Each structure stands twice: as C-alpha cells, then as structure tokens.
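These figures come from a predicted structure and were not determined experimentally.
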There are 2 protein chains.
Amino acid sequence: MIQKGDITRQLILEHATALASQVGLEGLSFGRLAEDLDLSKSGLFAHFKSLQGLQMKVLEHAAERFTETVIRPALKAPRGEPRLRAIFDRWRRWPKESRMAGGCFFVAAATELDDRPGPARDLLVSQQKDWLETLAGVVRSAIAEGHFHRRVDPEQFVYELYGLMLAYHYSVRLLNDPKADRRAETAFESLMQRAKA
Amino acid sequence: MIQKGDITRQLILEHATALASQVGLEGLSFGRLAEDLDLSKSGLFAHFKSLQGLQMKVLEHAAERFTETVIRPALKAPRGEPRLRAIFDRWRRWPKESRMAGGCFFVAAATELDDRPGPARDLLVSQQKDWLETLAGVVRSAIAEGHFHRRVDPEQFVYELYGLMLAYHYSVRLLNDPKADRRAETAFESLMQRAKA
DNA sequence: CTTTTTTTAGCACGATCGTTCTATTTTTCC
DNA sequence: GGAAAAATAGAACGATCGTGCTAAAAAAAG
C-alpha cells in the first residue's frame, strides 16, 4: 500500500539531494530544508529519524537517480565500445540532466566523506566500488568483442577514465573553462585509441 | 619588527589549514580552533576579523606551503622532462609531506567552493589558474628542449595530468586502493610516452 | 623603571543546529 | 459514517555558531 508519507519523503529527498550537491551532505540541515519545502522542522525530522538517516537516504536516492539516468539507458547500446561511449556521454551530462545545482553529487560527497568514518562513508564507498566494477565490466566486454586488444588492463582503463571525468568536473565548475568539453573529448578519444585492437 | 602576534597567527594558520583539509573551509570554526590550540575564542577571533578573513588567510597559507614544498624544490631539476617528473613526485607526496590530515587541501577546497561565489572562491580560482599555467610552462619547456614533440598541446597535457592526480587522490583517500600509486605511475608514464618526441 | 601598544580573555547577544515531547491534523481502514 | 493509524506542527532543550564589547595581561618602546 502506497502511503502519503512515501510521496512526501520522495519530494524531500529530491530537494535534499540537489541541495547536498551544493552545500555537501554535512551542509544539509532540517531547518533549511523545512523552510525551502514549507514544512515544519519537526515534521520533516520525523520522516528520517536523524540527520544521519537523512544523509543515508540521500545517498541512496542519488544512486538510484544515477542508475536510471546514466547506467540503465546506456545499457541499451551494443556491448563493447558503443556502450562505453554511451556511458561517457551520459555520465558527462548527468549533473545537468538531474538538475544538480552543485555539479555531480558524488564528486562532492567523495571529497567530503573521504575522511569521516561512519555508515555514510561506508555506503558511498560501496556504491563507488560497484560503479567502478560496472565500468570495468564494460571494458572487459569491449575486449571480448574484439574492440580492444587483450593487453588492456580494465582497472587501469577505468582509473584513467575516472580521472578524465574528475578533471572535467573541476574544469567546468571551478574554472569555468569553455574548452572543458573539448578537453574531455580529446582525452577520451586518446584513451580509446590506445585501447583499440 | 617581528611581533608576537605574527608567530601566534602562523601557529593558528598551520593548524587551521590541516583542519580545513579534513572538515573543509566552511567546516572551520573559531570555537573548535580555540579548543584545539588552548586559546580563547575571542582572542583567536581578534587575529582575523571574521570567518571569511580566516578562510582567506588559510588559502594563502596553504598556497605558500605548496609553493615551498612542491614547486620551489622541483624547479631545481633541469628544465623539461626531469622537472616535470620532479613535480609529479612531489605533488603526489605533498599531502603527506605537509601533514594534511585530510588529504590535499586544494582538492577539498575546489569541490567545496566551486558553487559558492565570494572572495574565497575568487582567490582559489586565481591560485589554481596560476598553478595550471606554471605546469603548462614546464610542458612548453619540455617541447623547447626537444623532450616532447611539437604537436603536444600543453593545456591538454596539463588537463590529463591533473585528472590523473585527482583520480589518485580519490583512489587513495576514498577507496583506500593499495594499487593507487602504481595506477598513477602507469598513467603518468603513458602520458609521458605519448608526448615523447 | 614607566608608558604605550599589542595581544589575549571573559562574557553576552541573537541565530541556528539536532533532537525530543506533546498535540493536532490528515489519511487510511473498516 | 467512525476508529485507528500515520503524518504534520509547535514549542522547548542544550549546544554551538559568528561576532561585538570591555577589561586584564603581556609585550614593545621610551
């Protein structure tokens, strides 16, 4: 049975995730959220039983959005190189697509939580490892399909791909570099070229 | 004339910078600093006239430390490729070298300030652009020395180098990946190889 | 030494934080 | 419809925040 509370919770999480992409997970506050959403602070609090509870739900919500915005659609592309290209395109556009005011939610969370032990950090780490493993799997497919030669190290490939995306985020958001898109594409093509059979 | 205040200020900044690498620039608070350093909150406050003032000084302090720990020593290496390698080595070790408990201070600051307009962000952007320009200059020297071929795009090179460092930071701090060092070295050598004349 | 300047401490302010408790309203079930 | 359950609001708590004001202590200057 779908309850009213579930809808409200979803609405809160939608806003909280976008807000967290700006101010960080620790920057979230019930007072601010309540004001933005025209709810009482205590009413909002009752939905998640603590700030940590809210932060965990926000992490889960963001991961779901990422899956349905980036991963799932890209899986429709043919295995191997085309799928990898689809992922790259959608990944790069995902902060805009998901209307994250503060850029990629996970980039913010990663630098914020990397030195704060606790369940939130643990959850993020496990999510990120899943994502890296998914990426490595796509690279392995590209090798199996004969698109990439067999000497390609999938983990190394993913490491460099991730670096490229981080540099892109940094260039766009902090430096406002208009050439950021071209830079990312060039780096991606270079990475692909080196892996080609 | 050197005053007592300057020494105290330096001591505060030393601690504040390390703390900010963990909790971020916005995570700094006079109360916390005062407790850590056994000073009164108001006495500490008097040294910087506002939280923004403290944050600006912390940014400046971190930049000075970076210059003397990474840039200056690396400039002793011969122009071109050797100097680039010296920078890479020192850059990678600098969070440990400078005893930043929370990893590279600037990585944290970059993701934190990228969507908060103000003087702190402006200062950080100008610092980062300086650093990128320095790096591009070293790459240009490598071309001039004949170490790199003339088709190398210095800005593109720096973009990929920066991405590699960001991925390294991410792998070490969030994922605790023991292979992070090897991954960074491999990516760096690949970047060098592609640029070689 | 004394005087002046600088540095530090103490205290209070309004604001906001996470959280708890209780009451009221709204939704759900029969 | 009414009864039970769920969702929301209101007020208050102790804590911490940045900041200002005032006084005492320490350092620098003569």
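Atom CZ in B:F30 sits about 18 Å away from atom P in C:dG10, given to the nearest Å. Here D:dA9 presents its P atom at 11 Å from CG of A:L37, a figure rounded to the nearest Å. Per the geometry, CZ belonging to A:F48 stands 13 Å off P belonging to C:dG18, to the nearest Å. Spacing between atom CG of B:L44 and atom C1' of C:dT8 amounts to 10 Å, rounded to whole angstrom units. Between A:L11 atom CG and D:dA7 atom C1' the separation is 15 Å, expressed in whole Å. Straight-line distance from the CG atom of B:D6 to the P atom of D:dA27: 14 Å, rounded to whole Å. In this structure, CD1 of B:I7 is placed 12 Å from C1' of D:dA27, rounded to the nearest angstrom. What separates CG of A:L33 from P of D:dA9 is a distance of 14 Å, to the nearest Å.
Pairing each heavy atom of B:A74 with each of B:I87, the nearest pair is CB-CG1, 3.6 Å. Residue A:E112 comes nearest to A:L25 through the heavy atom pair OE1-N, 2.9 Å, listed as atom of the first residue, atom of the second, then distance.
Each of D:dG20, D:dC17, C:dA9 was ranked by its minimum atom distance to the side chain of B:R32; first place goes to D:dC17. The side chain of A:S42 approaches C:dC21 more closely than any other nucleotide in the set C:dG18, C:dC21, D:dT19. Distances were taken from every side-chain heavy atom of A:S50 (C-beta onward) to each of C:dT19, C:dT8, D:dA28; the shortest belongs to C:dT19. Of the candidates D:dG18, C:dT7, D:dA7, the closest approach to any side-chain atom of B:K41 belongs to D:dG18.
Not one side-chain nitrogen or oxygen of A:K4 sits closer than 4.0 Å to the OP1 or OP2 atom of D:dA5. Put simply, A:H47 has no side-chain N or O that comes within less than 4.0 Å of OP1 or OP2 on D:dA6. Side-chain nitrogen and oxygen atoms of A:S40 include none within less than 4.0 Å of the OP1 or OP2 phosphate oxygen of D:dT8. Look at B:T8 and you'll find a side-chain N or O under 4.0 angstrom from OP1 or OP2 of C:dT8.
Among the protein residues, B:L39 comes within range of the sugar-phosphate backbone only, with heavy atoms under 4.0 Å from sugar or phosphate atoms but none that close to a base. Heavy atoms of A:L28 sit under 4.0 angstrom from primed sugar atoms or phosphate atoms, though from no base atom.
Under the 4.0 Å criterion applied to side-chain N and carboxylate O atoms, B:R99 and B:E14 are not assigned as salt-bridge partners.
Mapped onto DNA chain C by nearest heavy atom, B:R9 and A:F45 fall at different nucleotides, with B:R9 at the one closer to the 5' end. Residues B:Q3 and B:S29 each lie close to DNA chain D; by heavy-atom proximity, the contact nearer the 5' end of the strand is made by B:S29.
Between B:F66 and B:W131, a ring centre-to-centre spacing shorter than 6.0 Å is recorded.
With contacts defined as side-chain heavy-atom distances shorter than 4.5 Å, the pair B:H61/B:Q10 qualifies.
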